[in-house]
Amino acid sequence: MRIGEIAAIGERRDEMGRAAPFPGPPHSFPLDEEELVACEWRLARDGALEWRGVAVSGGEDFTRA
């Protein structure tokens with residue numbers, strides 16, 4: 001969910017309701033016959049996490065959290 005310019009990523013849960021390991025696979029959703037990526041991550045060369053997606057500020061390119 002995006003609130004203003006702040007990305008709020010929902011916490012994943014397992015089938016028992018416990019917090020699941022994060023980050024997981026990209027979160028996406030359908031819109032007008034297109035699948036949009038809400039949030040996806042990758043590891044930078046220095047080991048930091050980088051994010052992109054429509055729920056991330058400046059989301060077209062990867063950015064650091």
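- A distance of 8.5 Å separates CZ of R52 from CG of D61, quoted to the nearest 0.5 Å.
- Considering CG of L49 and CH2 of W41, their distance stands at 6.5 Å, rounded to 0.5 Å.
- Qualifying side chain to side chain donor-acceptor pair (under 3.5 Å) partners for D32, counting only residues two or more places apart in sequence or in other chains: none.
- Atom CD of E35 has more than 12 neighbouring heavy atoms from other residues, nucleotides or ligands inside a 6.0 Å radius.
- Remark: E40 CD to W51 CH2 distance equals 10.0 Å, nearest 0.5 Å.
- In this structure, CZ on R42 lies 4.5 Å from CD on E50, to the nearest 0.5 angstrom.
- C39 and V56 get closest at one heavy-atom pair: SG-CG2, 4.2 Å.
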Side chain to side chain contact (heavy atoms under 4.5 Å, CB included) evaluation trace for V37 with F29: CA-CA 7 Å; V37 173; F29 61 93; over 6 Å; no

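- Considering only residues two or more places apart in sequence or on other chains, E33 meets the side chain to side chain donor-acceptor pair (under 3.5 Å) condition with none of them.
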